[in-house]
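Written out below as structure tokens is the structure these notes cover.
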Amino acid sequence: MEQHLYEAEHEAFRELCKAFLAREAVPYNDEWDKAGIVDREVWRKAGAAGLLGMDVDEEHGGGGQKDFRFNAVLVEEIVAAGASGLGFGLHNDVVAPYLTDLATEEQRKRWLPGFCSGDIVTAIAMSEPGAGSDLAGVRTSAVRDGDEWVLNGQKTFITNGELADLVVVVAKTDPALGAHGISLFVVESGTPGFTRGRRLEKVGLKANDTAELFFDDCRIPADHLLGQENSGFYHLMANLPRERLGIAVAAVASAEQVLAITLDYAKTRQAFGKPIGSFQHNRFVLAELDTEVTIARTFLNQCIVEQNAGRLTVADAAKAKWWTTELQNKVADRCVQLHGGYGFMMEYPVAKAWLNSRVQTIYGGTTEIMKEIIGRSLGV
């Protein structure tokens, strides 16, 4: 089915992304996987190429394109290039709106130019050892002391955590209010009391640095509060649909790519004297996957249209997130099976896609949390 989401300008941007990734990422993917982190310089190169802060105002160094389709194109091409270590999606899709929509003009001038140039790598710190999807369980605290805030606590599973120069931190400012006593703070690298723990060793996404963060009497200026005090829960809820949409973009792109690879394999791999794709069972599996991926793409594209129009609801973003990521896992699993023993070999891209897919149903809100959100929206 022909899709009608992207226009000529988006396809031109796609070619720019492809060329950049072919030059600056693909030759180093294996090296980055082994190191557990990407080369810091690739961020600055991405900034110079116009791949960071596409929707940030031009006056602050961005592309000035308030069009999520550009973000989607970049994520799709990162998936196609197998450059799983590049945390550009989290930077552009997740952190950007916190800085553009909540920051004061002084804060924007301080942080956005570096955000767009790649001189400032960003992360967001929500999850803790004892609190993931449950924001009311956040224990990191922030206490006002004169012209400063004092942060104490620990964060974990933080994407871009090791490279990050700027971290948006979720902390309790009024414990009596539970989830409604949360605020957001910006902590810069090098701030006394802010340290990073070990680089976490993950099942997949090997090159994407994920770290523990520690705040031990970490003092930050009072003007590093982001948005309104005790309004962090509402700020998070407003931005989570976009984050989940970005995850869905990666899920559908991965499913499409793995299916295409497997279809080619099924046409050429021989068993009992004929291509394995010609066996009815395998043909039916491929037909089922192709149908579901097409449906996922169609719904995803509509969600992107809704996002651009400012109409994407929390429930629809949750639908897109859980459905596409569960499908990504299903496609990867079935395609490994169709590859047989070769599907279990890391030299085959389907194996890496299978490993990388598993976390998609977990971060950004688990499938179970997504269903809870949707169920509540139905009044049940």
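Just the heavy atoms: all of them, side chains too, but no hydrogens, waters or symmetry mates, feed the values below. Since the model is a prediction, treat every value here as computed from it, not as a measurement.
In this model, a donor atom of one side chain and an acceptor atom of the other lie less than 3.5 Å apart for Lys202 and Thr210. A donor-acceptor contact closer than 3.5 angstrom is absent between the side chains of Asn71 and Asn92. For the residue pair Ser189 and Arg196, a side-chain donor N or O sits within less than 3.5 Å of a side-chain acceptor on the partner. For the residue pair Thr140 and Glu128, a side-chain donor N or O sits within less than 3.5 Å of a side-chain acceptor on the partner. In the model, Glu229 has no side-chain atom that pairs as donor or acceptor with a side-chain atom of Thr173 under 3.5 Å. No side-chain donor-acceptor contact under 3.5 Å links Trp322 and Glu368. Under 3.5 Å, the side chains of Gln65 and His10 contain no donor-acceptor pair of N or O atoms.
A donor-acceptor pair under 3.5 Å is absent between the side-chain atoms of Asp147 and the main chain of Ala222, judged by distance alone. For the pair Lys155 (side chain) and Val170 (backbone), a donor-acceptor distance under 3.5 Å is present. Between the side chain of Arg219 and the main chain of Glu148, no donor-acceptor pair closer than 3.5 Å is present.
For the pair Arg14/Tyr6, a side-chain contact is recorded, criterion being any heavy-atom separation below 4.5 Å from C-beta on. Looking at heavy atoms from C-beta onward, Glu292 lies in side-chain contact with Trp323 at the 4.5 angstrom threshold. Using a 4.5 Å cut-off on side-chain heavy atoms (C-beta onward), Pro275 and Gln270 make contact. Side chains of Asn208 and Ser84 form no contact here, defined as non-hydrogen atoms less than 4.5 Å apart. Side chains of Leu225 and Leu184 form no contact here, defined as non-hydrogen atoms less than 4.5 Å apart. In this structure, Val187 and His224 have side chains that are not in contact, with every pair of non-hydrogen atoms separated by 4.5 Å or more.
Contact detail for Glu24 and Trp32: the closest heavy-atom pair is O-CH2, 3.4 Å. Between Ala72 and Val249 the shortest heavy-atom distance is O-CG1, 3.7 Å. Residues Ala25 and Ala83 approach most closely at CB-CB, 4.0 Å, considering heavy atoms. The two atoms that bring Asp93 and Gly246 nearest to each other are OD2-CA, 4.1 Å, heavy atoms only. Nearest approach of Gly343 to Ala351, heavy atoms of both residues: O-CB, 3.2 Å.
Note on Arg69 versus Glu7: salt bridge recorded, some NZ/NE/NH1/NH2 to OD/OE distance being below 4.0 Å. Of the charged side-chain nitrogens involved, at least one lies within less than 4.0 Å of a carboxylate oxygen, so that Asp33 and Lys352 count as a salt-bridged pair. Under 4.0 Å is where a charged nitrogen must lie from a carboxylate oxygen, and between Glu188 and Arg110 at least one such pair does. With respect to the salt-bridge test (charged N to carboxylate O, under 4.0 angstrom), the residues Lys109 and Glu106 do not qualify.
Under the 4.5 Å side-chain heavy-atom criterion for Ile, Leu, Val, Met, Phe, Trp and Tyr, Leu236 and Val169 are members of distinct hydrophobic clusters. Ile369 and Leu240 fall into different hydrophobic clusters, where Ile, Leu, Val, Met, Phe, Trp and Tyr are joined by side-chain heavy atoms under 4.5 Å apart, directly or via other members.
Rounded to the nearest 0.5 angstrom, Phe88 CZ and Cys17 SG are separated by 10.0 Å. Of the inter-residue distances, the one linking His235 atom NE2 with Gln228 atom CD reads 6.0 Å to the nearest 0.5 angstrom. Rounding to the nearest 0.5 Å places CZ of Arg44 at 5.5 Å from CG of Asp119. Remark: Asp39 CG to Glu31 CD distance equals 7.5 Å, nearest 0.5 Å.
For the salt bridge (charged side-chain N to carboxylate O under 4.0 Å, His left out) criterion with Arg242, the lone passing option out of Asp101, Asp316, Asp55 is Asp55.
The six-membered or imidazole ring of His91 lies near that of Trp43, with a centre-to-centre distance under 6.0 Å. Taking the six-membered ring where the residue is Trp, the centroids of Trp149 and Phe185 are separated by under 6.0 Å. Under the 6.0 Å cut-off for aromatic ring centres, Tyr234 and His180 qualify, their centroids lying closer than that.
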Could you go through Arg199 and Asp209, starting from their C-alpha distance and side-chain angles, then the distance that decides it, and tell me whether this counts as salt bridge (Lys or Arg N to Asp or Glu O under 4.0 Å)? CA-CA 7 Å; Arg199 184 181 303 164; Asp209 69 294; over 6 Å; no

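Sorted by first and then second residue, the pairs that involve residues 293-305 and meet side chain to side chain donor-acceptor pair (under 3.5 Å), not counting sequence neighbours, are Gln3-Asn301, Glu76-Arg297, Glu256-Arg297, Arg297-Asn301, Gln302-Glu306.
Ring geometry for Tyr265 versus His339: interplanar angle under 30°, hence parallel rather than tilted (30 to 60°).
With sequence neighbours left out, Tyr348 forms a ring-ring contact (aromatic ring centres under 6.0 Å, His included) with Tyr342.
Apart from Ile295 itself, the hydrophobic cluster it occupies contains nothing, where clustering links Ile, Leu, Val, Met, Phe, Trp and Tyr at side-chain heavy-atom distances under 4.5 Å.
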